[in-house]
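What follows is a short report on a single structure.
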Amino acid sequence: MTVEAVFPVLEMRGIGKRFPGVIANENVDFDLRKGEVHTLLGENGAGKSTLMKILYGLYRPDAGELRLNGRPVRLSSPSDAIAHGICMIHQHFMLVPSLTVAENVALGLRSTRGPLTDLRHVARRIGELSDAFGLQVDPFADVWQLAVGERQRVEIIKALYRDASILILDEPTAVLTPREVDDLFETFRRMARQGRSLIFISHKLHEVLTLSDRITVLRNGRVTGETDPCNTSREELARMMVGRDVNLAPEKPAATVCEARLQIENLVVAGDRGTDAVCDVNLAVCGGEVLGLAGVSGNGQRELAEAVCGLRKPKSGVIRVDGQPVAPGNPKAVRKAGLAYVPEERMRDGAIGDFNIMENLLLLDHGEKRFCRNGFLRFGRIFKHCRKLVRAYAVKTPTLETPAKNLSGGNIQKLILARELSGNPKVLIAAQPTRGVDIGAAEYIHARLARQRTGGTATLVISEDLDEIFALADRIAVMCQGRLMGIVDRHEATRERIGLMMAGVDPDSPSKDYCPVSESTSR
Amino acid sequence: MSPEVNRVNHFKANLIRIVIPACAVVSALLLGAVMLGTLGANPLSGYVTMFSAAFGNLEGLANTAVKSIPLLLVGIGICIAFRSSVINIGGEGQMVVGALLASVTALAAPDLPSVVFIPLVLTVGFAGGAVWGAIPGALKAYFNVSEILSTIMLNIVAVQIMNFMLRGPMIDPEEVARGTRIPQTARLPENTDLPMLLDGLRVHLGFLIALLAAVAVWVLLWRTALGFRLRSVGLSRDAARYAGIPVKRSIITALAFSGAMAGLAGAILVFGSESHRMVTDGSSTGFTGSAGFNGIVVALFAGLHPLWSIPSALLFGGMLVGANALQRALQVPSALIIALNGLIVVFVVSSEYFRQRVQRGREVAQTLDEPAAGVAAGADPQLERVVE
């Protein structure tokens, strides 16, 4: 490595940040060299985002100092940070959907033509940047028409256009197919070779090991280690994150398959835009089996789950639980039939933030005789029941009266799981069961789902995280643009094959090739 | 967290709930003092007059209590609606419809003993308000019509029906004979007069009914399965629907209950009145005295809590009594009190921002005291302690 490459462009020394009652960062040292990809690894709540918000000028540190190219600086707002060449690519893209790519890129910048826009100039520059970094995008396309991967490219181009020397990448791979991830990493490497410095935030360990030059691990606001990919392993990184050994691939007994408990026949569901989000899907899940449904987000998985759970009325098709057809579009009837649902939008659908733990656990069963007599709630029994559930599902909460919004993501998910599984459902739909959940809770949730499988429940796990699918599923179904690309047995599945199917290519019958382009991208 | 700490926190939360609105009221009164001053009155003696008239003696307290009855009943109805996330601005119309139907019943029914007659007419008032509330509820549930608009519109419809009825079919024959044609009914049967609670004071049975109704609404919202469903729908329609709670039916139920409380308020206003008639002056708030709107203020001031609505209604009822006294004593237009009412609303509603900020800060601090992330999962002994 050359001398220049070792020279740190960014040094954060002894950074401390406290919020009332919590230490978000304590004595954190972090430095970034020119032309490197430095990963910041840690669970939710470990202090990664606080540290990055300090760097991006959103928070002011209580202690410590920040140096850029050796000089101490004070960043008091994101525009300060941008002026210093620091750009952040947010997990949720900050783009105006109704504007074109060029307009989005030009937004907030001074035009070269005074009060008039200079979009042609901007477009030309975007073209140059796309060629240089392999970021294909049409400068005149409206952003709302773009697929998620393309939108991300726009975000990156925005940063490059502003000539950022330091890029903060907040979980950039969460919404991409494995293939797209490979391309994205290639772009990142090119940017690093050009002398830009990248901070990569992720919790996907294999990605971290592929891309990083260095890795800094945070836990409970403190740095627990700095290492590089050559000298570490997934197991060691997980241990540094969590502070103990983590079982990354839980053992499971062979599936004891019986007959199908959940059957989905010729299901067609309209999406929010009125076009068919799910086209003619047939699926069957057997008791004691976990079917993993993989796919890039936005390919109909959410609509499928909502239709099965009665939240969205399908256009046509039949859903059966234990052979009995369920009334479509009626969540109550679906629940009566023995189906439980762990929803994707945990805080919107799964729990009520302003309700306390007890009330949230009561959402399903409050009308049952054991909890309700003559319309009055029987709080003695309810309290006992909830206390048992909280204990059994290891929900960490100070009291049963604590509002759910005060719990961490993992604990809310355990709370939802406790409520959904307490009725011992025949069929369980779990959508993104561990997204945004810390490793400890994720491990626990996986173990719970596995236990449910042993108990004979038919489980459909919908996830964008292939690691999760591979860890849980007996069979893997892949969806692309509303269609089922196929179902593969876990033992015959490889990451590459599933990845190709997610991108719409069926490796078995190349004639099928790309799945039909849906209206959402062609319009 | 130990139970003592919990209790202290609970106490602090309640304290904040009182202190912040109290500050808001004081601020509004200070600004009102400036207004009094510019009108040439001594603000201090003005406020003393107001306060002593409303709360200074038994008679004043009785007047305050009577004035607070419709405010409290409408207010607790508003608690039900707003807690279920439906905005009911239709208290006025629901009061009118409840009062009209109850009056019709009282005039049409044969003379019954009071024990039967009073419950009958009050129930009719309750039911009338419920129907008038359920209409915008159904419109919202099935046709997605904004309940804010439909309830306001139904106010106008109700008032016009009232004006027609009191000037036409229901007008007191004596008024016709005398030719004065004041829009009012004949004296209603004596057996429908609400009895006085205490000798020599004007406070009648309606006050007791309103207090009991406030308790009943609290029980409904926090102790019954129905109330649980209403509050779930109010806090998150998505989560409620997902849990299989009938959202549409809950919206209708909430508005029906909310209207029923206003309808009851209207009926009590009629049968508890000194003239024992239903009277209006032809203006849109002539019958209700704006109680259908002021009840919203009462409920908001009480943080949408039915029991806190009791002191809140007494405060605003007292202001109405005080306003009359102020007008008599200092020759200040009573419109000033309407302005003062408005000021209090503005201050209280804005103070909600501060209350939420304080509370959020406290909640964050409380939660983060218990580090939740990253600790080993699985049933652990620590949890038992935590839950106990």
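We use all heavy atoms of the structure for the numbers below, so side chains are in, but hydrogens, waters and symmetry mates are not. Letters A, B, ... are given to chains in the order of the sequence lines, protein chains preceding strands, and every chain is numbered from 1.
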Do A/L377 and B/W222 make a side-chain contact, defined as non-hydrogen atoms from C-beta onward lying under 4.5 Å apart? no
Over 12 non-hydrogen atoms of neighbours within 6.0 angstrom of CZ in B/F257: no
What option among A/P343, A/A351, A/A333, A/G310 has the most heavy-atom pairs under 4.5 Å with chain B? A/P343
Bottom line for A/E420: the part with an atom under 4.5 Å from chain B's heavy atoms is side chain
At a 4.5 Å cut-off on heavy atoms, which part of A/R419 comes close to chain B: side chain, backbone, both, or neither? side chain
Chain B contacts, top residue of A/N360, A/D354, A/N330, A/L363 (heavy-atom pairs, under 4.5 Å): A/L363
Sort A/C309 into side chain, backbone, both or neither according to what part of it lies under 4.5 angstrom from a heavy atom of chain B. neither
Step by step, would you call B/F228 with A/F355 a ring pair (Phe, Tyr, Trp, His ring centres under 6.0 Å)? CA-CA 10 Å; B/F228 180 77; A/F355 262 6; 5.4 Å; yes
Is A/F379 close to chain B through its backbone or its side chain, or both, or neither, when contacts mean heavy atoms under 4.5 Å? side chain
Any residue of residues 124-141 of chain B which, by heavy atoms, sits under 4.5 Å from chain A: none
Residue list, salt bridge (charged side-chain N to carboxylate O under 4.0 Å, His left out) with A/E26, at least two apart or on another chain: A/R18, A/R222
Would you mind checking which part of A/I416 comes under 4.5 Å of any heavy atom in chain B, side chain (CB onward), backbone (N, CA, C, O), both or neither? side chain
Tabulate, in ascending numerical order, the residues of residues 231-246 of chain B having at least one heavy atom closer than 4.5 Å to a heavy atom of chain A, or enter 'none'. B/R231, B/S232, B/L235, B/S236, B/D238, B/A239, B/R241, B/Y242, B/A243, B/G244, B/I245
Contact part of A/L362 toward chain B, heavy-atom cut-off under 4.5 Å: side chain, backbone, both or neither? both
So with a 6.0 Å cut-off around CZ of B/F82, is the heavy-atom count from everything else above 12? yes
Applying side-chain hydrogen bond (donor to acceptor under 3.5 Å, both in side chains), name anything that partners B/N88, two or more places apart in sequence or on another chain. B/Q94, B/S258
Heavy-atom cut-off 4.5 Å, strictly under: side chain, backbone, both or neither for A/R335 against chain B? side chain
